[in-house]
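Data block below; observations after.
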Amino acid sequence: MAGQKMLKFVTLGKEMPTKRDADTRSHDFDEIYRQFAVEKAAEQASRCSQCGVPYCQSHCPLHNNIPDWLRLTAEGRLEEAYELSQATNTFPEICGRICPQDRLCEGNCVIEQSGHGTVTIGSVEKYLTDKAWEMGWVKPIAPRAQRSESVGIIGAGPGGLAAADVLRRAGVQVTVYDRYDRAGGLLTYGIPGFKLEKPVVMQRIEQLEAGGVSFVLNCKVGEDLSFDAIRGQHDAILIATGVYKARDIEAPGVGAKGIVRALDYLTASNRKSFGDEVAEFDSGELNAEGKRVVVIGGGDTAMDCVRTAIRQGATSVKCLYRRDKANMPGSQRETQNAEEEGVEFVWLSAPKGFTGGTTVEGVMVQKMRLGAPDSSGRQTPELIEGADYIEPADLVVQALGFEPEAVPTLWGVPDLAVTRWGTIKADFRTHATNLPGVYAAGDIVRGASLVVWAIRDGREAADSILAYLAQPASVAAE
Ligand code: FAD
Ligand code: SF4
Ligand code: SF4
């Protein structure tokens, strides 16, 4: 009986895989969590109470069939558990590592709500898929029949790659274009190795290549190749280019040397982990070693920057955020990891300007307090007069978020409809844009979001493209 194996949350406590101790892990870029042993994965899965209405599942953007694969894991039926988990998720090992589970599946687990500590869903998902790779259960992409239609995907991030996987499995000819020299988007060059080791991403790209997906890298659409040229070569197009325009601080001194953008900083660090030559890193411009570092922002990107600076050997790392801990947008789990590794958070603080002339020497900090809630219910930070001070800094990283680039202008397609925020307008269900045969998915539609949402969009867009390709040509052209 399945029930005998389950519902153990009353007697068994929540356990995450063990974390490497902060002193050791803060010197390298390896992932910080160790793997579950098989018994531990089964034990933790057995805590699930097998809810009739599983809130974990409804709050997972992919609607993963979580209770069923937890039960199979608890019963030791790992291959079946993996099969079920991969049926709804193209990259379960990636989501298991980097989804903010505390805001999604695990945060809505009923036993978390009842005070017993959530089922560690993400860690079990990661365990199952890592095991599947190890055991050879991950199926190669081998379409039953080849189709003549071809689809061009612009952007090799999780949105584009999830779509490529679905389309290629259906036998469609798929070409993915990307301006970087490696595929993976932010999985490769944004998110640091201590959250997501790069071989985990690369093995998926190799799988896609082995399955017949063509990659055209170092190809910036709009410069190296026009959008119209790509459109002319394929029967349908998916735009999955993400959002990359950094929000800069507007304050006196912001152009000084030593004030850098988060993504430039993280990309340089990730490239070094691949063994690339990175001139801006070697010159010290994008390297925190021996420096007093201040990171400005309170989201996941800021957390990745502070923890990268610690690993590069900064002498001190401070994170300035204008609200308090309870109101920061970043994951609480990541904030705790950063604190353990030696990051100092300076809450209720905002930059007013920078000292030092051509090279930054400090941040002029103004102190804030939280006032009345705004229309979204969040308390608005208000300035405390006369409490300013200077925080010494040799490197300042701006991590204030990202906006979409002006795709219609940059690509010379003024007819492509965008929203007033500059994101591409696409039907929320089909992901079709206003141009026939052109679809869009991921951050370029949602604004800066999450990997799991990009995967969902990519999968759904691919299904819509398959339906579009199946239409008679006269209908599709309308
Ligand atoms: P992207 O991953 O951005 O990929 C877009 C691709 O399009 C890129 O490879 C880019 O080079 C390419 N491209 C853009 N323009 C062109 C062009 N003109 N021509 C050719 N190619 C082009 N999410 C999580 O769920 N968990 C996390 O822990 C997390 N951490 C993050 C940390 C950082 C530092 C950042 C910046 C984001 C993080 N995110 C995280 C968010 C997540 O990475 C994104 O939501 C997700 O990658 C979006 O996927 P995407 O496919 O839409 O775009
Ligand atoms: Fe949770 Fe993300 Fe996995 Fe869904 S994909 S079950 S939200 S870790
Ligand atoms: Fe199991 Fe929690 Fe999901 Fe309920 S909400 S099915 S207990 S994981």
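Along the sequence shown, residues are numbered consecutively beginning with 1. Remember, it's 1-based here, ligands and their atoms both numbered in the order they're listed.
Atom numbering of ligand 2 starts at 1 in the shown order; those under 4.0 Å from a heavy atom of V452 are 5 (S). Near N64, with a cut-off below 4.0 Å to any heavy atom, the atoms of ligand 2 are 3 (Fe), 4 (Fe), 5 (S), 6 (S). Of all atoms in ligand 2, numbered sequentially from 1 with element shown, those under 4.0 Å from a heavy atom of L104 are 7 (S).
Taking a cutoff of 4.0 Å between a charged side-chain nitrogen and a carboxylate oxygen, E341 and R307 qualify as a salt bridge. Ion pairing between D30 and R25 fails under the 4.0 Å rule for side-chain N and carboxylate O. Ion pairing between a basic and an acidic side chain is recognised when a charged N comes within 4.0 Å of a carboxylate O; E15 and R47 show no such pairing.
Protein residues having a heavy atom under 4.0 Å from any atom of ligand 1 are I98, G155, A156, G157, P158, G159, D178, R179, Y180, G185, L186, G190, I191, K195, C219, K220, V221, A240, T241, G242, Y244, L266, T301, D304, F402, W411, G442, D443, S449, L450, V451, A454, listed by chain and number.
For atom 3 (Fe) of ligand 3, the tally of protein N/O/S atoms lying closer than 2.8 Å stands at 1.
Of the N and O atoms on the side chains of D130 and Y82, not one donor lies less than 3.5 Å from an acceptor on the other residue. The closest side-chain donor-acceptor pair between N64 and T88 falls under 3.5 angstrom. Side-chain contact, Q57 with H63: no donor N or O sits under 3.5 Å from an acceptor N or O. For the residue pair Q207/R204, the side-chain donor-acceptor check at 3.5 Å is satisfied.
Dense packing is recorded around NZ of K19, with more than 12 heavy atoms of other residues, nucleotides or ligands lying under 6.0 Å away. Heavy-atom neighbours of Y55 OH from other residues, nucleotides or ligands within 6.0 Å: at or below the threshold of 12.
Relative orientation of the W411 and F227 rings is parallel, given thresholds of 30° and 60° on the angle between their planes.
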| field | Test ring pair (Phe, Tyr, Trp, His ring centres under 6.0 Å) applied to F9 and H116, step by step | value | CA-CA 7 Å; F9 66 92; H116 290 88; 4.9 Å; yes
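Contacts between C99 and ligand 2, counted as non-hydrogen atom pairs separated by less than 4.0 Å, involve the side chain only.
Closest heavy-atom approach to atom 3 (Fe) of ligand 2 within the set E125, R456, Q101: this belongs to E125.
For atom 4 (Fe) of ligand 2, the nearest non-hydrogen atom of the protein is C60 SG, 2.4 Å.
When each of C105, S58, P54, C109 is checked for a side chain to side chain contact (heavy atoms under 4.5 Å, CB included) with I66, only C105 meets the rule.
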